[in-house]
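Everything on this sheet refers to the single structure shown next.
Naming convention: chains lettered A, B, ... in sequence-line order (proteins, then strands); numbering from 1 in each chain.
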Amino acid sequence: MNIVVCIKQVPETTEVRVDPETNALIREGVASIINPVDENAIEAALQLREGHGGTVTVITMGPPQAEEALRQALAMGADEAILLSDPASRGSDTLATSYSLAEMVRKIGEVDLILCGKQAIDGDTGQVGPGLAERLGIPQVTFAIELSVEDGKLRAKRVLDDFFEVLEVKLPAVVTVVKQANDPRHPGMRNVLKAKRAEITTWTLADLEADPKQSGFDGSPTQVIRVWPPEKRGGGKKIEGTSEEVAEELAQAIKEMDIAAG
Amino acid sequence: MDFTFTEDQTAILEAVKEFCEEDLAPKAQETDEAGVWPAENVKKLAELDLMGIPVPEEYGGLGMDFLTWSAVGEELSCSCTTTGAVYGAHVLAVVPIMMFGSDEQKQKYLKPLATGEKIGAFGLTEPGAGSDAAAVATKAELDGDHYVLNGSKIFISNGGEAELYVIITTTDPSRGARGMTAFIVEKGTPGFEFGKDEKKMAFPSLPNRELVFTDCRVPKENLLGRERGGFLVAMRTLGVGRIGMATGAVGVARAALEAAVPYTHQREQFGQPISNFQAIQFMVADMATEVDCARLLTWRAAWLKDQNKPFEKEAAMAKLYASEVAMRTTTKAVQIFGGYGYTREFPVERYMREAKLFEIVEGTSEVQRMVIANHVLRELNK
Ligand SMILES: Cc1cc2nc3c(=O)[nH]c(=O)nc-3n(C[C@H](O)[C@H](O)[C@H](O)COP(=O)(O)OP(=O)(O)OC[C@H]3O[C@@H](n4cnc5c(N)ncnc54)[C@H](O)[C@@H]3O)c2cc1C
Ligand SMILES: Cc1cc2nc3c(=O)[nH]c(=O)nc-3n(C[C@H](O)[C@H](O)[C@H](O)COP(=O)(O)OP(=O)(O)OC[C@H]3O[C@@H](n4cnc5c(N)ncnc54)[C@H](O)[C@@H]3O)c2cc1C
């Protein structure tokens with residue numbers, strides 16, 4: 001079974017800083033990591049490979065530094081890594097990103113399954129996986145917590161707000177994976193060393209014979225007008241005094257909030 | 001002089017740190033208190049290819065150096081002292097087979113040790129042979145194509161859980177150190193049994209078992225090194241083992257320092273954080289300086305070993321200094337925590353109990369001073 005995992009490199013911090021002039025994320029001084037739930041997608045792919053054989057190829061679209069995220073995926077045990085890095089891809093929204101990833105998958109050729117994380121912690125849209133399935137014209141399963149493959153069919157359990165849903169789809173398909181799906185492995189040191197020396201295939205849009213108009217700013221109907229961090233919540237109230245005074249005042253405050261009643 | 005790690009070493013250390021932070025540290029207290037062999041952690045060390053760091057790749061190892069092994073050991077020991085101790089005891093079987101084993105012995109025994117498929121242990125100490133290692137009385141007598149072992153070892157770390165044991169015996173008691181011979185003995189060999197598990201001041205999850213040999217027949221091909229070359233095997237093993245003990249000591253000392261510093265900022269007395277008091281600041285300064293010194297001595301010894309230069313004196317210095325630093329640093333950490341440091345709410349009282357081991361095991365501080373003095377008295381007698 002040939003599995004492709006789409007990953008994204010994101011800034012590590014949850015406290016994102018935004019440049020007020022350009023509305024772009026400030027990336028200086030912030031470490032980059034693999035989008036956390038993408039690690040679950042990689043783990044799911046590795047487990048399927050362990051059960052069924054085949055290969056795991058990780059792909060990403062991003063700046064040249066995104067190579068680092070691919071190397072981490074290789075260290076976890078992926079067989080191959082491909083980076084799409086093209087200045088013309090800058091500013092891609094989810095529509096343009098799913099276009100470029102779909103072109104990458106087409107160029108790879110024989111692919112049975114495409115895994116993505118549920119959503120990325122920076123953009124938080126959750127749209128790239130479904131968009132990719134649409135672009136490729138194949139079935140999709142979102143929010144998968146369990147997957148298994150038998151006789152060319154994939155069975156996946158989805159987590160929804162109040163219930164689970166078990167779906168069966170024909171392969172090839174796109175599946176987005178949730179955090180609870182598994183516990184991503186720590187890389188073995190042999191793989192860490194191997195990944196450092198590994199050849200990372202790098203493609204440009206020209207290599208994909210892709211339409212540059214559908215990528216980057218040109219291919220992105222969504223435009224970010226303004227990004228700003230949420231307003232800081234108030235600091236809360238500090239109660240001081242002896243233990244008894246504190247307890248008394250706290251009890252009073254709770255009574256006033258009227259939460260105990262309902 | 002260059003204090004930077006190579007890119008490979010850095011990549012390994014980063015991966016190990018992440019594993020330690022996410023997997024080992026959060027469960028360290030539990031791992032200690034359980035009082036049972038930390039099987040899951042040991043399995044993970046194997047999965048992460050950490051059990052044979054300095055072993056050549058052809059024998060299943062990572063083909064890295066002892067410096068990397070030591071730097072990794074510090075991370076393990078700092079985040080989970082118990083796991084660090086297992087790792088340190090395991091290498092005492094790896095090293096002698098790596099240094100003295102024949103190719104067949106390396107294929108058969110070094111490989112599974114290096115991959116972590118099997119765990120190793122080293123049996124030297126006996127009731128009558130502690131600091132005086134040459135007093136070993138476990139006897140091995142040749143009988144056809146086997147040696148027959150009789151006698152017992154005590155305190156053996158990983159005992160009972162390990163599958164492979166390097167055992168120091170005497171094949172000629174009349175010749176003392178020159179009559180000693182080393183063997184590789186597999187768990188399950190008839191006549192090889194496990195006795196008492198010591199109840200200790202610390203490390204309840206680390207087994208320290210008695211090994212009992214009663215007419216235990218060990219195949220001739222399991223003789224390690226030369227017959228009557230066992231003292232050399234033991235001393236070479238302890239030489240590297242001392243770097244391991246120094247590493248463990250640095251790890252626990254660092255753990256105590258890293259626990260103490262945040263507490264000095266949180267704890268308020270006399271209307272301010274105790275980190276404002278110079279008495280506390282000076283303790284922290286001494287702790288940090290001594291931990292650094294201990295680490296540098298340890299890494300120097302490992303580096304010398306990697307350069308194939310003499311390292312015996314330097315390993316003894318590192319072991320002596322690092323173990324005493326561990327004792328001082330953990331004691332200061334308890335002091336900084338005040339009454340709370342004396343309770344089991346915080347890990348520092350455990351660190352203090354654990355630190356004491358390093359001043360005893362693999363040559364007491366007195367023995368290290370004897371080794372160092374032997375070198376210095378000779379070297380500087382011009
Ligand atoms: C937790 C733990 C794990 C261990 N693991 C192992 C293991 O895996 N394998 C193994 O073989 N052994 C192991 N040991 C044994 C350990 O190496 C010995 O305890 C140590 O070498 C000291 O020997 P001893 O206990 O017999 O003390 P002794 O040799 O009886 O020493 C008692 C005291 O006398 C001092 N002393 C002795 N001789 C002299 C001298 N000539 N000059 C000055 N002072 C002297 C010592 O420094 C010490 O203070 C372990 C011990 C412990 C506690
Ligand atoms: C087993 C046990 C039995 C006890 N029994 C009793 C008992 O029967 N009755 C009772 O009342 N209490 C008892 N105690 C409490 C004990 O007296 C306190 O723990 C002790 O006074 C220290 O206070 P603390 O733990 O709050 O430490 P802290 O006062 O928080 O001290 C923390 C650290 O800061 C240092 N420090 C604090 N202020 C300064 C300063 N100004 N300058 C420099 N350094 C400073 C301290 O020396 C210490 O190193 C007991 C404690 C234990 C562990």
Quick one: salt bridge (Lys or Arg N to Asp or Glu O under 4.0 Å) pairs with a partner in residues 242-254 of chain A, sequence neighbours left out?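 Every salt bridge (Lys or Arg N to Asp or Glu O under 4.0 Å) pair that includes a residue of residues 242-254 of chain A, provided the two are not neighbours, is A:Lys237-A:Glu249.
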For residues 174-194 of chain A, give me every residue with a non-hydrogen atom less than 4.5 Å from any non-hydrogen atom of chain B. A:His186, A:Pro187, A:Gly188, A:Met189, A:Arg190, A:Asn191, A:Val192, A:Leu193
List for me each residue that meets ring-ring contact (aromatic ring centres under 6.0 Å, His included) alongside B:Phe311, sequence neighbours excluded, and say none if there are none.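 For B:Phe311, no residue satisfies ring-ring contact (aromatic ring centres under 6.0 Å, His included) once neighbours in sequence are set aside.
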Under 4.5 Å, heavy atom to heavy atom, which residues of residues 50-68 of chain B contact chain A?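 Residues of residues 50-68 of chain B touching chain A at under 4.5 Å: B:Leu50, B:Gly60, B:Gly61, B:Leu62, B:Met64.
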Count the heavy atoms belonging to other residues, nucleotides or ligands that lie under 6.0 Å from [atom1] of [X], then report whether that count exceeds 12.
X	atom1	value
A:Arg155	CZ	no
B:Glu40	CD	no
A:Glu50	CD	yes
B:Phe277	CZ	yes
B:Glu30	CD	no

Max heavy-atom pair count under 4.5 Å with chain A, selected residue of B:Glu47, B:Glu18, B:Glu7: B:Glu7
